[in-house]
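Contents: one structure, followed by commentary.
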Amino acid sequence: ITVYRKDYQPYPYDIPEVALAFDLAPDATEVRCTMQVQRKPGASADAALVLDGEDLELVSVGVNGAPLPADSYRLSEHSLALYGLPASATVEIVSRCKPSANSTLMGLYVSGGNFFTQCEAEGFRRITWFADRPDVMSRYRVTLRAQPEYPVLLSNGNLLASRQLPDGRNEVEWEDPFPKPCYLFALVAGNLTHRETTVKTASGRDVLLQVYSDPGSESKTEWALDSLVRALRWDESRFGLELDLDRFMVVAVHDFNMGAMENKGLNIFNAAYVLADADTATDANYEGIESVIGHEYFHNWTGNRVTCRDWFQLSLKEGLTVFRDQEFSADMMAQGMDAAEAASARAVKRIDDVVALRAAQFPEDAGPMAHPIRPESYQEIGNFYTATVYEKGAEVIRMQHTLLGEEGFRAGMDEYFRRHDGQAVTCDDFVAAMESVYVRQHPDRDLSVFRRWYRQAGTPRVTVKLDHDAATRRCTVTLTQECPLVGVEKKAGADYVKAPYHIPFSIGLLDQRGQALPLRHAGETKETALLELTQQSQQWVFEDIAERPVPSLLRDFSAPVIVDYGWTNEELALLSAHDSNPFARWEAGQEFATRQILALAEARQAGKTLHADAAFIETWHALLTDPALDAAYRARALALPSEKTLAERMQQVDPPALAVARDFLRAELGRQLAAEFRQAFETNQTPGEYSPAPVPAGKRALKNLALSHLMAAGELDAQRLAEQQYDKAGNMTDSMAALSALINFGQGDFPQTALAAFYDKWRDNALVVDKWFALQAAARSTTVQTARELMQHPAFTLRNPNRARALIFQFCLNNARGMHHPDGTGYAFWAEQVLSLDALNPEIAARLARALDNWSRFVPALRTPMQAALQRVRAHEGLSRNVQEIVSKALEFA
Ligand code: ARG
Ligand code: ZN
């Protein structure tokens, strides 16, 4: 069954108050749900009260204190309908569920002997029958009763009371003063330790902040709690948004489908985004924790105080909250730096975000699952927590920020909260608030064209033409946009035509020596001009330009588009050496590297010998030795584009050829720039106490990049450096980098011995064991056979999503040689794992299913076995709705 956005109907009842009482036990938890229901004015008197429910056992239904006669309700597999209710009534439903048997990790489940919940998007219906949709908002009062082996009993809001019952169990009562949709409900019960602090909010209230985790892990929650304090402060200062509760809790759990969840006042987190110390967490882990803690905290306003009317509006809260967490991270990274350093730190964050967008969202937008950031339809909403809704959604918010400016955007946010605090609203409502500011700034414009970003899928391509007339000293820039039909649009027929987008396109011009040219544009003279492309093709003229300039395009990635311009390699080298915009400077190097690797992959396919271009090596040499560039930026500038990004540029994707080409270039750079890499390795050591701060993290990134080049090149002594680093590393970033270099490029016994010792040392730390699996799953020499052997390891289980991601997902998504072996065994392995996972956890299975999305664009030798594997999965009986949607779209809309 497909659900369509256009079919939205308001719910006929209000449910202002809900009381939930839980008698918690792993094998049978009883839930009493008492709700005040009121028929909405205007709703038909015979409108049934239809409640959702899944995997529940019904114990009783009562209305206004009396059991409901059997002919007044109808129970079906997924719903409970009550008929003939008075306009206002108290409905009481008692039901039972079995948390210990819940392997889906949606609803109420057991992990590590404790109880947790996950309700977004449609998990609350696995806890009790309810109107499981975000536009039904209620005040919750929650009673939890459990045996003393579950001493910590948490739910949303404020703790009202806590007592011991005559039967020896504990009972607590919680109340959340803010009305909320049921997807924000949460409970946690178990044996947990915590770390806490009290802070004063901007208006002077004391609030209690707590981070809960497994006993024994209390030393690993300092960074998470500090990040939470920083997030609270940042939302106050940048957006004027204050914490509205007296208490805010974060709880870490090891079995979790996603990163984390913003339940009101009780965020539940994948332990991977909470626990960290120098010995066990990498720089990337620290950064991830800060960003996810920020993300969930920021949802308190963008998501919770103002929520979504329906799930098609998911990007209303996710795109906006990702934008906010990106800005938070950027501000944290730039903190305490001078202007130039801060600009570089911000560029590094922007580069990392764009790299992620291109690796995950661009392929999605070009494949069978392509959807607008506000989808028009879905079969399973769990499949739409996508890079498009999240990351492209954040880009669409960022473009509004770019168009309005920081101050204008803030005014738009204030207006959004003024209009909609306490409501469940749509993406249109958000844009309307922003537009109210935009039209004040520009009485002759509006955001009507801009709104198409919410309705149309696919990545627009902007073609740039540059004409220079030496006689008139005029430079004319022509921008032309087009957006191909993608996914289901291709089936829509000839009458479906996409309209142009409103694209903020930021550019600069350099002279032939790399100097920035002043641009006279929109009444100002600046180095960067923001062109607003709103039609299919438009022209801009820049006066007083003596010679033909080199354009620096889409500075700061001002829009999520693909740029088409025919730079020469010489121009790319010039931009890479001189562009004053650090993002565009990085981009020029990446484009140069992309051309190199694609050419090498073609040579490989044609069976020719591979040669690296001297001008390219010289460009990398210049970046590597430029003293004006800080280490973090240089690490990004020198990183070769990922295989995922490169694949998007191939007519017919050939992952093994790409992997060989990329490896060749990495090794060749290592050989030709050995002295310089060696120098970078030596001068970017970070002795002394570990700090995850951006400057030392940047040094480690550059040093470890240097090490990987030296190892790949088989440079004399490189393995000794790696072995030494591994033996004396004082932090997990350096341990993992050395081990990875050794496993992928090392010789002799050391790598395997180190790998075994690493496991023995960390076998009791699940998050480190995940790293151990992930390293091997993605290693160059790992085959399907190796992956199967790793699955036999006693520490492996498909039931824990982090473990499944570490081994199965790493192999299927990040091991080009193993997964895409021409014998097709990788695809057969994928099909098997999708089916095994589907029996346990459909949401995770559907994520893995997406590994074959873009099968139809692969070389024929791979395409055929890929298609067969997809067909095999689709033919499987009893497939979940989640996986069904993914594989059928992959086969139909490719
Ligand atoms: N709202 C959460 C976040 O982005 C994600 C929840 C996703 N839940 C799910 N079952 N897929 O912060
Ligand atoms: Zn979110």
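Every heavy atom of this structure was used, including side-chain atoms; hydrogens, water molecules and symmetry mates were not. When a ligand or atom number is given, it counts from 1 through the structure's own listing order.
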Task: Numbered atoms and elements of ligand 1 in range of Q118, under 4.0 angstrom, heavy atoms - done: 8 (N)
Task: Residue of the set W311, Y4, F312, Y385 for which ring pair (Phe, Tyr, Trp, His ring centres under 6.0 Å) holds with Y378 - done: F312
Open item on the list: Tell me if the centroids of the rings in W234 and F298 come within less than 6.0 Å of each other.
Closed with: yes
Open item on the list: For the residue pair R139 and W174, would you count it as a cation-pi contact if the rule is NZ or CZ under 6.0 angstrom from the ring centre and within 45 degrees of the ring axis?
Closed with: no
Open item on the list: Ring centroids only, cut at 6.0 angstrom: are F409 and F323 within range, meaning strictly under it?
Closed with: yes
Task: Ligand-residue contact atoms, ligand 1 with E262, heavy atoms, under 4.0 Å - done: 1 (N), 2 (C), 3 (C), 12 (O)
TODO: Examine F239 together with W301 and report whether their ring centres are nearer than 6.0 Å.
DONE: no
Open item on the list: Taking 4.0 angstrom as the limit and counting only heavy atoms of K317, give me the atoms of ligand 1 inside it, by number and element.
Closed with: 1 (N)
- [ ] Return yes when at least one N/O/S atom of E296 is nearer than 2.8 Å to the Zn ion (ligand 2), and no when none is.
- [x] no
- [ ] Determine, step by step, whether R305 and E262 satisfy the salt bridge (charged side-chain N to carboxylate O under 4.0 Å, His left out) criterion, reporting the C-alpha distance in whole Å, the side-chain angles of both residues, the deciding distance to 0.1 Å, and the verdict.
- [x] CA-CA 12 Å; R305 286 290 286 257; E262 69 264 24; over 6 Å; no
TODO: Determine yes or no for a side-chain-to-main-chain donor-acceptor pair under 3.5 angstrom, with R350 supplying the side chain and D556 the backbone.
DONE: yes
Open item on the list: Looking at ligand 1, would G382 count as a contact under a 4.0 Å heavy-atom criterion?
Closed with: no
Task: Nearest neighbour in protein (non-hydrogen) for atom 11 (N) of ligand 1 - done: E843 OE2, 2.5 Å
Open item on the list: Among the N/O/S atoms of H299, which is closest to the Zn ion (ligand 2)? Give the atom name.
Closed with: NE2
TODO: Heavy-atom contacts with E296 under 4.0 Å: which atoms of ligand 1 show up? List them by number with element.
DONE: 3 (C), 12 (O)
Task: Ring centers of Y297, F248 separated by less than 6.0 Å - done: yes
Task: Heavy-atom nearest neighbour in the protein, as seen from atom 5 (C) of ligand 1, with distance rounded to 0.1 Å - done: Y390 OH, 3.3 Å
Task: cation_pi(K180, F185) dist<6.0 Å, angle<=45 - done: no
- [ ] Ignoring hydrogens, just give me the one of M106, E318, E120 whose non-hydrogen atom is nearest atom 6 (C) of ligand 1.
- [x] E120
TODO: Would you confirm whether the ring centroid of W129 sits within less than 6.0 angstrom of the ring centroid of F124?
DONE: no
TODO: Considering the heavy atoms of H295, write down every atom of ligand 1 situated less than 4.0 Å from one of them.
DONE: 3 (C), 4 (O), 12 (O)
- [ ] Within a distance under 4.0 Å of any heavy atom of M261, pick out the atoms of ligand 1 and give their elements.
- [x] 1 (N), 2 (C), 6 (C)
Task: H295 atom (N/O/S) at minimal separation from the Zn ion (ligand 2) - done: NE2
Task: the Zn ion (ligand 2) to E318: nearest N/O/S atom name - done: OE1
Task: Per-atom contacts of ligand 1 with A260, taking only distances under 4.0 Å to non-hydrogen atoms - done: 2 (C), 3 (C), 5 (C), 12 (O)
